[in-house]
Amino acid sequence: QVQLVESGGGLVQAGGSLRLSCAASGRTFNNYAMGWFHQTPGKERDVVAAISTIGGNTYYADSVKGRFTISRDNAKNTVYLQMNSLKPEDTAVYYCAARRDYYSGSYYRTEDAYSYWGQGIQVTVSS
């Protein structure tokens, strides 16, 4: 079991940056593949970025490639999403997700691949 808590959201002007953090409970964080998703009202929750347990394998949605960076610090039980050059269309609730995955080196892009979710955090980008 792992509990996830997001932080770092807020209001930012277009072109600005934010860094989201997701702190995980437990002592086996490095056994979990992690992902960031976002959701806007009336729409499904979509993957933004994902990272494997080992090897630093990453995935990015086309809409954020070159602007967002996912990373993890296993010593701090934390995964990050650095968001640069933010656009109004990035406005959404962002969720952190975890999937137990023993050193497969894989990332996961679908919502149903993940078992654990944070409560979500609002990111608003003004034009």
Side-chain angles (χ1 to χ4, degrees):
Q1 193 86 3
V2 63
Q3 293 183 324
L4 306 172
V5 179
E6 301 100 336
S7 61
L11 174 65
V12 64
Q13 287 189 333
S17 297
L18 283 174
R19 188 176 79 158
L20 303 183
S21 299
C22 173
S25 64
R27 296 176 292 177
T28 59
F29 178 70
N30 57 346
N31 289 341
Y32 289 85
M34 303 298 295
W36 284 100
F37 288 71
H38 67 185
Q39 187 174 29
T40 55
K43 294 189 176 182
E44 294 183 350
R45 196 155 47 181
D46 293 325
V47 67
V48 175
I51 189 166
S52 61
T53 54
I54 60 171
N57 297 318
T58 57
Y59 167 83
Y60 296 96
D62 287 343
S63 60
V64 306
K65 281 181 182 176
R67 299 189 299 123
F68 290 12
T69 302
I70 187 171
S71 61
R72 64 189 298 158
D73 186 335
N74 288 339
K76 294 183 178 180
N77 282 15
T78 302
V79 63
Y80 304 98
L81 185 68
Q82 178 67 43
M83 304 186 295
N84 298 330
S85 302
L86 282 160
K87 304 175 181 180
E89 51 264 44
D90 295 319
T91 296
V93 177
Y94 283 73
Y95 296 89
C96 173
R99 170 196 170 101
R100 177 160 271 184
D101 194 60
Y102 292 100
Y103 305 110
S104 74
S106 299
Y107 52 72
Y108 299 88
R109 297 178 287 176
T110 59
E111 187 177 358
D112 60 5
Y114 292 88
S115 301
Y116 305 100
W117 293 86
Q119 79 285 357
I121 192 163
Q122 179 70 45
V123 170
T124 302
V125 184
S126 63
S127 57

TODO: Please step through side-chain contact (heavy atoms from CB on, under 4.5 Å) for the pair Gln119 and Glu6, ending with a clear verdict.
DONE: CA-CA 7 Å; Gln119 79 285 357; Glu6 301 100 336; 2.8 Å; yes
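- No chain of hydrophobic side-chain contacts below 4.5 Å, direct or via other Ile, Leu, Val, Met, Phe, Trp or Tyr residues, connects Tyr108 to Met34.
- One side chain, Ser17 or Asn84, offers a donor N or O that lies under 3.5 Å from an acceptor on the other.
- Cluster membership for Phe68 and Leu20, using ILVMFWY side-chain heavy atoms within less than 4.5 angstrom, is shared.
- No more than 12 heavy atoms of other residues, nucleotides or ligands shown are found within 6.0 angstrom of CD on Gln3.
- Shortest non-hydrogen contact noted between Gln39 and Lys43 is NE2-O, 3.0 Å.
- Interatomic distance, Arg100 CZ to Gln1 CD, rounded to the nearest 0.5 Å: 9.5 Å.
- Separation of atoms CD (Glu44) and CD (Glu111) is listed at 7.5 Å; rounding is to 0.5 Å.
- A distance of 10.5 Å separates CD1 of Ile51 from CG of Leu81, quoted to the nearest 0.5 Å.
- Sequence neighbours left out, the pairs with a member in residues 33-66 that pass ring-ring contact (aromatic ring centres under 6.0 Å, His included) are Phe37-Tyr114, Phe37-Trp117, His38-Tyr94, Tyr59-Tyr107.
- Across all their heavy atoms, Asp101 and Gly105 have their closest contact at OD2-N, 4.5 Å.
- The two residues Leu18 and Gly8 come nearest to each other via the heavy atoms CD2-O, 3.8 Å.
- Contact between Val79 and Cys96 at its shortest, heavy atoms only, is CG1-SG, 3.8 Å.
- Taking 4.5 Å as the limit, some side-chain heavy atom of Thr91 sits within range of a side-chain heavy atom of Gln122.
- Following chains of ILVMFWY side-chain contacts shorter than 4.5 Å, one can reach Ile70 starting from Val123, so the two form part of one hydrophobic cluster.
- Of the inter-residue distances, the one linking Asn74 atom CG with Thr28 atom OG1 reads 10.5 Å to the nearest 0.5 angstrom.
- Side-chain atoms of Ser52 come within 3.5 Å of backbone N or O of Asn57 as a donor-acceptor pair.
- Linking ILVMFWY residues whenever their side-chain heavy atoms come closer than 4.5 Å, directly or via other members, leaves Ile121 and Tyr95 in distinct clusters.
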Task: Derivation and outcome, side-chain contact (heavy atoms from CB on, under 4.5 Å), residues Val125 and Glu89 - done: CA-CA 8 Å; Val125 184; Glu89 51 264 44; over 6 Å; no
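- Between Lys65 and Asp62 there is a salt bridge, with a side-chain nitrogen of the basic residue lying less than 4.0 Å from a carboxylate oxygen of the acidic one.
- Between Ser21 and Thr78, the shortest heavy-atom distance links the atoms CB-CG2, 4.2 Å.
- For the atom pair OG of Ser106 and CZ of Arg99, the computed distance is 8.5 Å after rounding to the nearest 0.5 Å.
- One hydrophobic cluster holds both Val48 and Val12 under the rule that ILVMFWY side chains link at heavy-atom gaps under 4.5 Å.
- Of all heavy-atom pairs spanning Leu4 and Ala24, the tightest one is CD2-CB, 3.7 Å.
- The SG atom of Cys22 sits 10.0 Å away from atom CZ of Arg72, with the distance rounded to the nearest 0.5 Å.
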